[in-house]
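One-based numbering, in listed order, for ligands and for the atoms of each. Heavy-atom basis, side chains included; hydrogens, waters and symmetry copies ignored.
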Amino acid sequence: MSNQVGGNTSGLAPSEHRKLEKLFNRKLEKDEIVSLDLAREIYAVAQDLKRRVGVLVSREGRIVEVFVGTKTLLYLPDLGRYRLGAGRLRRLRLLFSDLSSSHNEPQIPSDIYADLEKLRLDMVAAIKVEGSRAAMAYAHLIPATPNSEQFVKSETVKDLNRMNFDFSEFMSELEAELARSESRHNVSQSGGALLVGVYEKSFDDPEGSLAELTELARTAGVNILDRMIQRRPPDPKTLLGKGKLQEVVLHCLRLGADLIIFDTELKPSQWRIITNATDLKVIDRSMLILDIFAQRATSSDGRLQVELAQLKYNLPRLVEKDAGLSRLTGGIGGRGPGETKLEVGRRRTRDRIAELENRIDQLGRQRQLKRGRRVESKIPMACIIGYTNVGKSTIFNALTRSSVVAEDKLFATLDPAQRKMLPGPEGYIAGAEVILSDTVGFIRNLPDELKTAFRATLEELRFAALLVHVLDASDVRIRQRKDAVDKVLLEMQLSALPQLIVLNKCDKVPPNEVELLAKEFDALPLSAKQGAGLEKLRKTIRDSAVLHRDEEAIGTAF
Ligand code: GDP
Ligand code: MG
């Protein structure tokens, strides 16, 4: 990187040039947006020149560009046109002076807001210094929600000295959140999908396998347009064979589908060939599951783990031609001399993977702390588990609704998927509070690469006083699915935790059948949708969670 001052440099005296160049020597700590010193220096230079001055700072805190504008305008240097992937930001933030005297607080002009969005900068921040006090207005992208078309959020800090903000942590969480919302948008906001199962003739349950893929796709919010089963040995190159692949693509065109989801694990080479042969987005079962995890992972650790799994899964799938590559190359100076785009894509991905692994390590240590606090608070936690789509979230919401209103500081730091269970009609009972935790669904045949990510989303189970294992009474595969969940629990060494089995969706089956199933599984019958059995469930959860909390306390006392 040349330390050359850019922009509107005409008419600058050599001494002014030098002042600008000196800005390159500054370095910021990873956790600060801007230091007081740098803010003052930028502002002082701008005041001398009577022009806007801007700097671009890398995520690592290095000043990578310094440039000058006119009195009112600032033109950013060319940052290249690489597209960035879902959730990925430019890893550069823009800091600039605001000299205007028409307002007291610094302001971000609309063209800079546009740059923030277009270039996907980490952040833009206007700086204004008066006397010994430096003020700042900063803005960053935010994930879009279904109800809000707003993509940018801004804040004003009146006194930089009083700012308490961890920039680097904020950025990783923001990127994870953006990735989550954007990948959700990718899959669920597609025009629609064709599901394709390719099975050997010897495979005995193609219908069941495709039915499960359908359920997963629904869980991910995909609009399913059609499904297709092919019984043939998978073609090593194109999975389907060239002719059949053509047919499938045509079928998608007619349906208006822009997404194909294969039930089969696609080898990187197959994925590449199929992707390049069509304009459609192609994903396989693992990618679909990762997308669901991405939507559901609520803890910072879970989100990082999911992103890590996604990157690892995508690494061998990076291809020169496909947009998948340009998605991963970003930023100025991203490419070293002589590197091909593909190498850059891989290097960036590897860098990000290393960064994520680091971050996950750190979080692991913080979690210990958080856990300590929770044990101290003595409020037991009950985790709702079960196969995907059995009604876990519905039950969670029914038992905790509006409990967030009770602004309790201790719980303010908890994930949104963890809330205090509401008291029942008998009202609040001292010492009988329970935290409920909603979890991501379990899935059969989870690919190995996804297991860590999946477990991270289940990390909380380790601290549970009680597992509430939900079954879907109307599911013909109820036994297989219960077994699948039990198997994961066994693998995670959680089988010994106390379990309460709940038979949900009883409104969908005849009463005599409910009775048989409840007996068979020693389960509490329930219809979360109609509210039948909820009070009993609430009471049972409370009593056994409190009981097991006390057991644990006894256990540790001896
Ligand atoms: P999760 O994947 O286990 O969290 O399941 P959800 O809570 O998202 O529910 C999956 C689907 O089952 C949703 O369409 C719910 O409306 C539905 N559902 C949940 N509980 C019941 C119930 O008691 N009866 C019926 N008929 N449907 C239910
Ligand atoms: Mg759920």
Side-chain angles (χ1 to χ4, degrees), residues 146 180 184 187-188 211-224 285 288-299 302 306 382-401 403 415-419 421-422 436-444 446 450 453-454 457-458 460-461 464 466-486 488-489 499-511 513-515 517-518 521 523-538 540-541:
R180 202 150 71 98
R184 176 165 58 225
V187 176
S188 57
E212 185 170 282
L213 187 75
T214 307
E215 233 164 81
L216 290 172
R218 276 209 196 104
T219 304
V222 171
N223 173 24
I224 300 160
R285 185 173 180 272
L288 180 63
I289 293 172
L290 277 170
D291 196 84
I292 295 172
F293 288 176
Q295 291 177 34
R296 308 264 162 135
T298 45
S299 67
V306 171
C383 293
I384 306 177
I385 61 165
Y387 212 79
T388 200
N389 216 43
V390 293
K392 296 179 297 299
S393 299
T394 311
I395 295 175
F396 175 78
N397 288 332
L399 292 176
T400 61
R401 201 177 308 135
S403 67
D415 291 332
Q418 290 192 340
R419 281 184 214 158
M421 188 165 74
L422 283 183
L436 265 195
S437 170
D438 187 17
T439 64
V440 63
F442 288 46
I443 295 156
R444 201 174 43 139
L446 197 67
L450 273 51
F454 174 63
T457 64
L458 292 176
E460 294 299 329
L461 298 192
L466 175 72
L467 300 182
V468 181
H469 185 161
V470 182
L471 305 177
D472 175 352
S474 66
D475 184 357
V476 288
R477 286 164 213 279
I478 183 167
R479 286 166 198 86
Q480 286 104 303
R481 293 186 159 177
K482 180 173 181 297
D483 290 347
V485 172
D486 286 336
V488 176
L489 291 177
Q499 257 194 52
L500 171 67
I501 312 242
V502 172
L503 195 58
N504 190 33
K505 305 200 189 182
C506 287
D507 55 290
K508 286 173 91 175
V509 285
E513 211 171 299
V514 169
E515 209 170 299
L517 286 169
F521 295 108
L524 193 80
L526 178 80
S527 166
K529 210 168 200 172
Q530 300 183 340
L534 264 181
E535 281 322 308
K536 179 123 195 268
L537 175 64
R538 189 194 309 275
T540 315
I541 289 178

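Contacts of Val390 with ligand 1, taken as heavy-atom pairs under 4.0 Å, involve both backbone and side chain. Counting heavy atoms closer than 4.0 Å to ligand 1, residue Lys508 contributes side-chain atoms (C-beta onward) but none from N, CA, C or O. Contact annotation for Thr394 and ligand 1: heavy atoms of both the backbone and the side chain come within less than 4.0 Å of the ligand.
Where the criterion is an N or O separation shorter than 3.5 Å, residue side chain and backbone included, Leu526 fails it with respect to ligand 1. For ligand 1, the polar-atom distance check against Gln530 finds no nitrogen or oxygen pair separated by under 3.5 Å. Residue Lys529 has at least one N or O atom closer than 3.5 Å to an N or O atom of ligand 1.
Compare Asn389, Asn397, Leu534 by their heavy atoms: the one nearest to atom 10 (C) of ligand 1 is in Asn389.
With sequence neighbours left out, the side-chain hydrogen bond (donor to acceptor under 3.5 Å, both in side chains) criterion links Asp507 to Ser527. Glu535 is linked by a salt bridge (Lys or Arg N to Asp or Glu O under 4.0 Å) to Arg538, counting only residues two or more places apart in sequence or in another chain.
For ligand 1, the atoms lying closer than 4.0 Å to a non-hydrogen atom of Ser527 are 23 (O).
Put simply, the side chain of Asn504 never gets that close to the backbone of Val470: no donor and acceptor are under 3.5 Å apart. Under the 3.5 Å distance criterion, the side-chain polar atoms of Lys392 are matched with a main-chain donor or acceptor of Tyr387.
Ion pairing between a basic and an acidic side chain is recognised when a charged N comes within 4.0 Å of a carboxylate O; Asp483 and Arg479 show no such pairing.
Distance check: Ile385 CD1 to Gln499 CD gives 5.0 Å after rounding to the nearest 0.5 Å.
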